Amino acid sequence: MTDPTAAAIPTPKAPAPDILRCAYMELVVTDLKRSRDFYVDVLNLVVTYEDDDAIYLRSMEEFIHHNLVLRQGEAAAVAAFSYRVRSPEELDKAEAFYAELGCPVRRKKDGFVRGIGDSVRVQDPLGFPYEFFYDVDHVDRLAWRYDLYTPGALVRLDHFNQVTPDVPKAVGYMEDLGFRVTEDIQDQAGTTYAAWMRRKPTVHDTAMTGGAGPRMHHVAFATHEKHNILAICDKLGALRLSDRIERGPGRHGVSNAFYLYLRDPDGHRIEIYTQDYYTGDPDNPVVTWDVHDNQRRDWWGNPVVPSWYTEASTVLDLDGNPVATTERTDDSEMDVTIGADGFSYTRKDDEESLPEWKQGEYKLGHQL
């Protein structure tokens, strides 16, 4: 369990910027054409703009310039987790909030990327590159263009997921930034393994997952229905790209959403996600899951492959350099549920709830 005397991130006296939602991610990729083939030709994200150095992509229902930037670089990494704020004045608040925390802060009146105006980028206290913006170029929302829809159409950017060694410390900081916890995973000793946090009224705009960090676990796009996810799986199979599927399809216990995890040509993890629930009331209850409940990660009880726990994307500082990671000192979720001494259950009070033939899946972390 995290040492309760460990230094928490102080709460600034300056007010936090009023964040609306996660808006876009900037990824560095090593082969722009290969990445374009995956995101455009396979996942059918819409190209807003492209040149020899970058591709700007959006989902079908988006009206801002982009939800994803793919930028050519020497090593795969994440350059920005970007949030839209409620008004231009919130950028002044972001500058003051992070300056008080002693974080590197940069502001660019004409934006750091195409299609985005006045923006603030920071390296936050957890080491992640965050961006805040309001001014943006509008583009055609394609929600009514059913002639352009594909069976697996991606309609919205839904959330980020971040890997960080100290989840309670991360939660405290994000609460100061105005986020609220909707669900988390804990054990009886009080160790927190992950927490889901939101600004828009869904389960999350980002999640904090315990592990060596700072790293990016995944970025998630939503579909309208679960059959859209099945169509993506069928398409990947038809194209002989089934090895892009890392995990799923399945239904999460946490968030109640239907999911699929893919890896892009550089190994960046993409989740396709649908059918979570509304969380917008001020008294929305927090759902806490036992780390040993094997239905927390997959409602059907399917085991989680080890790569999902151990692999994640490097993040960059404001100068484009890789941020060094810090190891997690709390228990690992994989170790306590899959490792030699780990255990999982389906029915908590039934000692034989996990059949012998099922136990091997959890101990090995894969199916034969």
Side-chain angles (χ1 to χ4, degrees), residues 21-22 24-25 27 35-46 57-62 67-68 142-143 145-161 182-183 194 196 198 200 202-207 209 216-265 267-279 294-305 307-309 311-313 366-367:
R21 58 168 172 135
C22 62
Y24 81 87
M25 176 170 282
L27 292 179
S35 292
R36 189 191 196 283
D37 290 344
F38 177 75
Y39 286 101
V40 179
D41 295 342
V42 177
L43 295 184
N44 294 117
L45 286 171
V46 178
L57 304 171
R58 71 183 191 273
S59 51
M60 294 295 291
E61 294 184 354
E62 188 56 81
N67 297 131
L68 186 67
L142 301 175
R145 289 296 308 275
Y146 293 106
D147 55 315
L148 301 179
Y149 273 66
T150 62
L154 305 183
V155 294
R156 290 182 298 278
L157 175 70
D158 192 83
H159 62 266
F160 308 137
N161 188 305
T182 58
E183 302 198 29
W196 285 253
R198 65 92 174 168
K200 66 182 185 305
T202 62
V203 171
H204 55 321
D205 284 273
T206 197
T209 295
M216 187 274 285
H217 191 273
H218 65 264
V219 57
F221 286 88
T223 65
H224 278 148
E225 301 285 349
K226 56 182 178 290
H227 68 78
N228 302 123
I229 290 178
L230 298 178
I232 293 171
C233 293
D234 283 340
K235 182 175 183 179
L236 289 165
L239 294 172
R240 289 289 174 175
L241 294 173
S242 60
D243 54 353
R244 293 284 176 216
I245 300 174
E246 179 185 32
R247 183 179 161 213
R251 185 176 293 280
H252 286 308
V254 176
S255 82
N256 197 39
F258 204 78
Y259 72 86
L260 174 70
Y261 290 97
L262 307 176
R263 302 292 284 271
D264 81 358
H268 294 307
R269 185 179 289 107
I270 311 299
E271 183 180 17
I272 315 300
Y273 180 95
T274 192
Q275 297 181 335
D276 63 352
Y277 58 91
Y278 170 80
T279 62
N294 69 37
Q295 293 186 211
R296 73 199 183 284
R297 292 291 190 182
D298 185 280
W299 187 240
W300 305 337
N302 291 318
V304 180
V305 293
S307 62
W308 194 89
Y309 284 121
E311 297 179 12
S313 296
H366 63 78
Q367 294 173 297

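Every value quoted in this text rests on a predicted model; they were computed, and no experiment measured them. Computation of the quantities below employed the complete heavy-atom set of this structure, encompassing side-chain atoms and omitting hydrogens, waters and symmetry-equivalent molecules.
Ser255 and Asp276 share no donor-acceptor pair across their side chains, judged by distance under 3.5 Å alone. Glu271 and His252 share a side-chain donor-acceptor pair at under 3.5 Å.
Salt-bridge check for Asp147 with Arg145: passed, with a basic side-chain N closer than 4.0 Å to an acidic carboxylate O. For Lys200 and Asp205, the salt-bridge test passes: some basic side-chain N is under 4.0 Å from an acidic carboxylate O. Salt bridge Arg247/Glu311: absent, no basic N to carboxylate O contact under 4.0 Å.
Note that the CG atom of Leu142 and the OG atom of Ser59 stand 9.0 Å from one another [nearest 0.5 Å]. Distance OG1/Thr274 to NE2/His224: 8.0 Å, rounded to 0.5 Å. The CZ atom of Arg156 sits 11.0 Å away from the CG atom of Asn67 when rounded to the nearest 0.5 Å. Between atom CG of residue Leu43 and atom CG of residue Asp37 there is a gap of 11.5 Å, rounded to the nearest 0.5 Å. Distance check, rounded to the nearest 0.5 Å: CH2 of Trp308 to NE2 of His218 gives 7.0 Å. To the nearest 0.5 Å, atom OH of residue Tyr261 and atom CD1 of residue Ile272 are 10.5 Å apart.
Not less than 6.0 angstrom separates the ring centroid of Phe38 from the ring centroid of His268.
Judged purely by atom type and a 3.5 angstrom limit, Thr223 has no side-chain atom pairing as donor or acceptor with the backbone of Leu154. Side chain of Tyr277 to main chain of Ala257: no donor-acceptor pair is present (N/O by atom type, distance under 3.5 Å, no hydrogens or angles). Between the side chain of Asn228 and the backbone N or O of Pro151 there is at least one donor-acceptor pair closer than 3.5 Å. Side-chain atoms of Arg297 do not come within 3.5 Å of backbone N or O of Pro303 as any donor-acceptor pair. For the pair His217 (side chain) and Phe160 (backbone), a donor-acceptor distance under 3.5 Å is absent.
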Starting from the C-alpha separation in whole Å, work towards a yes-or-no answer on side-chain contact (heavy atoms from CB on, under 4.5 Å) for Lys235 and Asn44. CA-CA 11 Å; Lys235 182 175 183 179; Asn44 294 117; 2.9 Å; yes

Start with the C-alpha gap between Ile270 and Val219, add the side-chain angles, then the distance that decides, and say whether side-chain contact (heavy atoms from CB on, under 4.5 Å) holds. CA-CA 5 Å; Ile270 311 299; Val219 57; 3.5 Å; yes

Can you list the steps and then say if Leu27 with Tyr39 is a side-chain contact (heavy atoms from CB on, under 4.5 Å)? CA-CA 12 Å; Leu27 292 179; Tyr39 286 101; 3.7 Å; yes

Run the side-chain contact (heavy atoms from CB on, under 4.5 Å) check on Asp41 and Arg36 step by step: do they pass? CA-CA 7 Å; Asp41 295 342; Arg36 189 191 196 283; 4.1 Å; yes

For ring pair (Phe, Tyr, Trp, His ring centres under 6.0 Å), just list the numbers for Tyr273 and His204, CA-CA rounded to whole Å, side-chain angles, deciding distance to a tenth of an Å, and then say yes or no. CA-CA 12 Å; Tyr273 180 95; His204 55 321; 5.7 Å; yes

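In terms of heavy atoms, Ala312 sits closest to Arg269 at CA-NH1, 4.3 Å. The two residues Asp158 and Cys22 come nearest to each other via the heavy atoms O-SG, 3.3 Å. Considering every non-hydrogen atom in both Val254 and Glu183, the closest pair reads CA-OE1, 3.3 Å. Nearest approach of Cys233 to Ile245, heavy atoms of both residues: SG-CD1, 4.2 Å. Glu61 and Ala143 make their closest contact through CG-CB, 4.0 Å (heavy atoms, listed as atom of the first residue, atom of the second, distance). Shown here for Phe258 and Pro249, the closest heavy-atom pair between the two residues is CE2-CB, 4.0 Å.
With contacts defined as side-chain heavy-atom distances shorter than 4.5 Å, the pair Asp298/Tyr259 qualifies.
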